[in-house]
Amino acid sequence: MAQATARHILVDSEAKCEELKKAIEDGQDFAEVAKQHSSCPSGRNGGDLGSFGPGQMVPEFDKAVFNGEVNTVIGPVKTQFGYHLLEVTSRS
């Protein structure tokens with residue numbers, strides 16, 4: 001079964017998500033941005049979600065993680081929790 005490791009940043013607006021994505025693309029560290037801005041408890045760990053398989057996350061998140069490019073900031077991805085920026089750090 002496929003496995004992925006990823007980290008994410010959860011915010012409450014698409015505009016905030018876009019702003020943070022630009023900051024990361026301009027050189028800010030993903031983990032630091034997660035610590036400062038993510039409303040998810042994983043933000044304390046730089047947004048690290050650990051390892052998981054298909055179906056363990058909400059469908060929109062799952063689709064982005066298992067179809068998106070590895071080591072690229074993906075998003076905004078809208079779910080029932082808010083707007084996510086995510087980075088797939090590995091996938092097998």
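Here the structure is a predicted model, which is why all the values come from computation and not from measurement.
Atom CG of residue Leu85 and atom CD of residue Glu18 lie 8.0 Å apart, to the nearest 0.5 angstrom. Lys78 NZ to Cys17 SG: the interatomic distance, rounded to the nearest 0.5 Å, is 11.5 Å. The OG1 atom of Thr79 lies 3.0 Å from the NE2 atom of His84; values are rounded to the nearest 0.5 Å. Atom CZ of Phe30 sits about 11.0 Å away from atom CG of Asn71, to the nearest 0.5 Å. Taken to the nearest 0.5 Å, the CD atom of Gln36 stands 7.0 Å off from the CD atom of Gln28. The structure places OG of Ser38 at 5.0 Å from NE2 of His8, a figure rounded to the nearest 0.5 Å.
The local environment of CD in Glu69 is sparse, with at most 12 non-hydrogen atoms from other residues, nucleotides or ligands closer than 6.0 Å.
Cluster annotation: Tyr83 is connected to Val73 through the hydrophobic network of ILVMFWY side chains, with a link wherever side-chain heavy atoms come within less than 4.5 Å. When hydrophobic clusters are built by joining Ile, Leu, Val, Met, Phe, Trp and Tyr residues whose side-chain heavy atoms come closer than 4.5 Å, directly or via intermediates, Phe81 is grouped together with Phe61. Residues Ile9 and Val77 do not share a hydrophobic cluster, defined by chaining ILVMFWY side chains whose heavy atoms lie under 4.5 Å apart. In the hydrophobic clustering of ILVMFWY residues, with side-chain heavy atoms under 4.5 Å counting as a link, Val11 and Ile74 come out apart.
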* Asked: Would Val58 and Gln80 satisfy side-chain contact (heavy atoms from CB on, under 4.5 Å), going step by step from the backbone distance to the final call?
  -> CA-CA 9 Å; Val58 293; Gln80 74 235 37; 3.7 Å; yes
* Given the rule in the side-chain contact (heavy atoms from CB on, under 4.5 Å) test, do Leu49 and Val65 qualify, once you have shown the distances and angles that lead to the verdict? -> CA-CA 11 Å; Leu49 296 170; Val65 167; over 6 Å; no
* Is there a salt bridge (charged side-chain N to carboxylate O under 4.0 Å, His left out) between Glu32 and Lys35 once you walk through the steps? -> CA-CA 5 Å; Glu32 285 305 313; Lys35 286 176 186 174; 3.7 Å; yes
* Between Asp12 and Lys16, does a salt bridge (charged side-chain N to carboxylate O under 4.0 Å, His left out) hold up when you go through it step by step? -> CA-CA 7 Å; Asp12 60 4; Lys16 184 68 174 177; over 6 Å; no
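Taking each heavy atom of Arg91 and Val70 in turn, the nearest pair found is NH2-CG2, 3.7 Å. Closest heavy-atom contact between Asp48 and Ser42: O-CB, 3.7 Å.
With hydrogens and angles ignored, the 3.5 Å screen pairs no side-chain donor or acceptor of Thr5 with any backbone N or O of Ser51. In this structure, Asp62 contributes its side chain and Pro54 its backbone to no donor-acceptor pair below 3.5 Å. Under a 3.5 Å cut-off, the side chain of Lys21 and the backbone N or O of Pro76 do not form any donor-acceptor pair.
In this structure, the side chains of Phe66 and Val88 stay at 4.5 Å or more apart for every pair of heavy atoms.
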